[in-house]
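Read the structure below first, then the notes.
Source: prediction; values computed, not measured.
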Amino acid sequence: MRSVLGALALSACMILVPVSGTAVAASPPHTVVTDGAKLANIKQAIRGGHATKAQRDALKAVLDKANTALTAGPWSVVEKPSAPPSGDKHDYTSQAPYWWASQPKTPENPQGCPYVSKDGQRNPEADAITDHTYRMWAWDAMYYLSLAWYYTGDAKYAKRAALDIRTWFLDPATRMNPNMTYSQIVPCRDTVSGTGIIDSTQSFSQLMDAFALLDGGAPGWTGKDRSGIKAWLTQYLGWMQTSPQAKLELAATNNHGTFLDMQNATISAYLGKRSEAKKIVLDAEQKRFPVQFAADGSQPLELSRTMSWHYVNFNLTAWGRMAEVGKNLGVDVWKYRASNGVTLRKVVDQLIPGALQGAAAWPHQQIGVFDQSIAADIFHAAAEEAHDPDAAAALKQMPLPAGGDTWPVRVSCFPLDPPLR
């Protein structure tokens, strides 16, 4: 890693542009979620040889992920073993993970119908359809490869990111159709549901920043690629706002509604529809705060789940990103106060006991692993954007992500891994 950072330090001149005899930092990237100025400052610190230890460690973790992605994939929705009900493998398809057969599977009832919901209990049958897993791997790879290119200037990362993006979104032979009609299908049922859209909304917004970083002159990312992805996104956003599934999901009062609003705001912003994106954020504040957050900062809708610790953090991941895109649009979500007096900072601070002490300090149901570290990103966001000293102090005491805390070079809330419904 020392040699990588040394090479970056020697390349400091690459981000300096002489203006009237004075060296100044290059223009920040036009990222949609992340604060581009922060990224530019971090890049300058790294290449100037004065990055903090936390930034150096975070960059190493990002480059480890990007280096793995160089030889993985590319992935495609057409690789799944069977077609969805449409008969078109280009349609993204997944099975609802928490639904299980209620009857023995027999020749007369081969699927074991009807299927019933078991909240928080993932049915391994869902993994037989590869789109869900490939989507997670592909979208993470696109993001980390793009970020690695931004910081290092190494063309191999940009070219691989471009290949992955073209394979998933643009190549006629392998592209995904711009809809989520068949996401999280429940076997034995043919009713229209919007819940499957969470497969996209929980992590799609990271791609807007990946595209924006590549748009800054990345080798291998062409004008045709840029226009192609914008055309694809335009169709996708239309589906995400007008389809029967999307209308149901937009009406959802819990994390599902938050994530769809946040996703639509980020896509709109990337497409240059800033006023539309800003309206989505402002409307989400007014509509969702009083419903999702109690006056004491708790999240009743998420606390009712069998994996309550996961879901309160999951929902705050969406709000953290909503606040980040809002900042770029001139909306300070952290300062918003709902009619019941609750603020986003107050909601975040509700998680501090659980993050510090684990299940012993969490009086709600959480089946499976209690991962304290998943609160790290929203604590970072609260500390930096809301100037929350309690969140900042918690970060120094709580367990951080096992794969390394990459916030110091990402500076944005990242989707929880592994993503769940």
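No donor-acceptor contact under 3.5 angstrom links the side chains of Arg337 and Thr343, judged on distance only. Residues Thr258 and Gln292 bring a donor and an acceptor atom of their side chains to less than 3.5 Å of each other. A donor and an acceptor atom, one from each side chain of Thr31 and Asp209, are nowhere located under 3.5 Å apart. In the model, Asn315 has a side-chain atom that pairs as donor or acceptor with a side-chain atom of Gln299 under 3.5 Å. A donor and an acceptor atom, one from each side chain of Tyr92 and Asn179, are nowhere located under 3.5 Å apart. For the residue pair Arg135 and Ser203, a side-chain donor N or O sits within less than 3.5 Å of a side-chain acceptor on the partner.
Of all heavy-atom pairs between Asp371 and Trp309, the closest is O-NE1, 2.8 Å. Trp168 and Val77 make their closest contact through CZ2-CG1, 3.5 Å (heavy atoms, listed as atom of the first residue, atom of the second, distance). When all heavy atoms are compared, the tightest approach of Ala61 to Thr406 is CB-CG2, 3.5 Å. Of all the heavy atoms in Pro399 and Ala355, the pair that sits closest is CD-O, 3.6 Å. For the residue pair Pro28 and Ala40, the shortest heavy atom distance occurs at CA-CB, 4.0 Å. Between Met398 and Gln372, the shortest heavy-atom distance links the atoms CE-O, 3.2 Å.
Taking CD of Gln202 as the start and NE2 of His256 as the end, the distance is 9.0 Å to the nearest 0.5 Å. Expressed to the nearest 0.5 Å, how far CD of Glu385 lies from NZ of Lys335 amounts to 11.0 Å. Remark: Thr34 OG1 to Met208 CE distance equals 12.0 Å, nearest 0.5 Å. If you take CG on Leu351 and CG on Asp390, they are separated by 12.5 Å, rounding to the nearest 0.5 Å. Rounding to the nearest 0.5 Å gives a distance of 15.0 Å between CG of Asp164 and OH of Tyr144. To the nearest 0.5 Å, atoms CG (Asp377) and CG (Asn313) are separated by 10.0 Å.
Using a 4.5 Å heavy-atom threshold, the side chains of Arg274 and Lys278 count as separate. Residues Thr181 and Pro84 fail the side-chain proximity criterion, which asks for heavy atoms closer than 4.5 Å. Side-chain atoms of Val32 and Asn328, non-hydrogen and from C-beta on, never get closer than 4.5 Å to each other. Contact annotation: the side chain of Arg321 approaches that of Gln206 to within less than 4.5 Å [non-hydrogen atoms, C-beta and beyond]. Considering only heavy atoms from C-beta on, Glu324 stays 4.5 Å or farther from Asp35 through its side chain. Side-chain contact between Thr174 and Trp75 is absent, with no heavy-atom pair separated by less than 4.5 Å. Between Ile267 and Tyr270 the shortest side-chain heavy-atom distance does not fall below 4.5 Å. Between Leu147 and Leu213, some side-chain heavy-atom pair lies under the 4.5 Å cut-off.
Of the possible polar contacts, none joining the Glu302 side chain to the Val312 backbone as a donor-acceptor pair under 3.5 Å is found. Judged purely by atom type and a 3.5 angstrom limit, Gln357 has no side-chain atom pairing as donor or acceptor with the backbone of Gly354. Side-chain atoms of Asp154 do not come within 3.5 Å of backbone N or O of Tyr157 as any donor-acceptor pair. Counting only distance, with no hydrogens or angles, the side chain of His90 and the backbone of Met176 share no donor-acceptor pair below 3.5 Å. Of the possible donor and acceptor atoms, none in the side chain of Arg410 sits under 3.5 Å from a partner among the backbone N and O of Asp405. The backbone N or O of Lys156 sits nowhere less than 3.5 Å from a side-chain atom of Trp149 that would complete a donor-acceptor pair. Side-chain atoms of Gln350 never come within 3.5 Å of backbone atoms of Lys346 as a donor-acceptor pair (strictly under, hydrogens ignored). Side chain of Ser86 to main chain of Asp88: a donor-acceptor pair is present (N/O by atom type, distance under 3.5 Å, no hydrogens or angles). Looking only at distances, a side-chain donor or acceptor of Ser183 sits under 3.5 Å from a matching main-chain atom of Gly196. Of the possible donor and acceptor atoms, one in the side chain of Gln366 sits under 3.5 Å from a partner among the backbone N and O of Ser308.
Figure legend: Lys118 and Tyr98 shown without cation-pi pairing, the cationic atom not lying both under 6.0 angstrom from the six-membered ring centre and within 45 degrees of its axis.
Checked against ring pair (Phe, Tyr, Trp, His ring centres under 6.0 Å), Trp221 has no partners two or more places apart in sequence or in another chain.
Ring orientation note: the planes of Phe169 and Phe204 are nearly perpendicular, at an angle over 60° on the 30°/60° scale.
In this structure, Tyr143 has its ring center under 6.0 Å from that of Phe414. Taking the ring centroids of Phe289 and Tyr336, they lie under the 6.0 Å cut-off. You'll find the ring centres of Tyr236 and Trp232 inside the 6.0 Å limit.
For His364, the NE2 atom counts as densely surrounded, since its 6.0 Å shell holds more than 12 non-hydrogen atoms of other residues, nucleotides or ligands. Under a cut-off of 6.0 angstrom, the local environment of NZ in Lys287 is crowded, with over 12 non-hydrogen atoms contributed by other residues, nucleotides or ligands. Within 6.0 Å of the NZ atom in Lys159, the count of heavy atoms belonging to other residues, nucleotides or ligands does not exceed 12.
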| task | Report the C-alpha separation of Trp334 and Val348 in whole Å, then their side-chain angles, then the decisive distance to 0.1 Å, and conclude whether the side-chain contact (heavy atoms from CB on, under 4.5 Å) test is met. | result | CA-CA 11 Å; Trp334 287 101; Val348 172; 4.0 Å; yes
| task | Could you give me the CA-CA distance, side-chain angles and deciding distance for Gln184 and Trp99, then say whether side-chain contact (heavy atoms from CB on, under 4.5 Å) is met? | result | CA-CA 10 Å; Gln184 295 201 10; Trp99 287 76; over 6 Å; no
| said: Between Thr317 and Ile378, does the side-chain contact (heavy atoms from CB on, under 4.5 Å) criterion hold? Intermediate values first, please. | reply: CA-CA 7 Å; Thr317 298; Ile378 196 63; over 6 Å; no
| field | Worked verdict on His30 versus Asp215 for side-chain contact (heavy atoms from CB on, under 4.5 Å) | value | CA-CA 8 Å; His30 298 294; Asp215 289 345; over 6 Å; no
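Evaluation of the salt bridge (charged side-chain N to carboxylate O under 4.0 Å, His left out) test over residues 75-84, restricted to residues two or more places apart or in two chains, returns Lys80-Asp131.
Contact check on Asp225 versus Arg166 returns a salt bridge, with a Lys/Arg side-chain nitrogen under 4.0 Å from an Asp/Glu carboxylate oxygen. A salt bridge links Asp261 to Arg288: one of the charged nitrogens lies within less than 4.0 Å of a carboxylate oxygen. Salt bridge Glu285/Lys279: absent, no basic N to carboxylate O contact under 4.0 Å.
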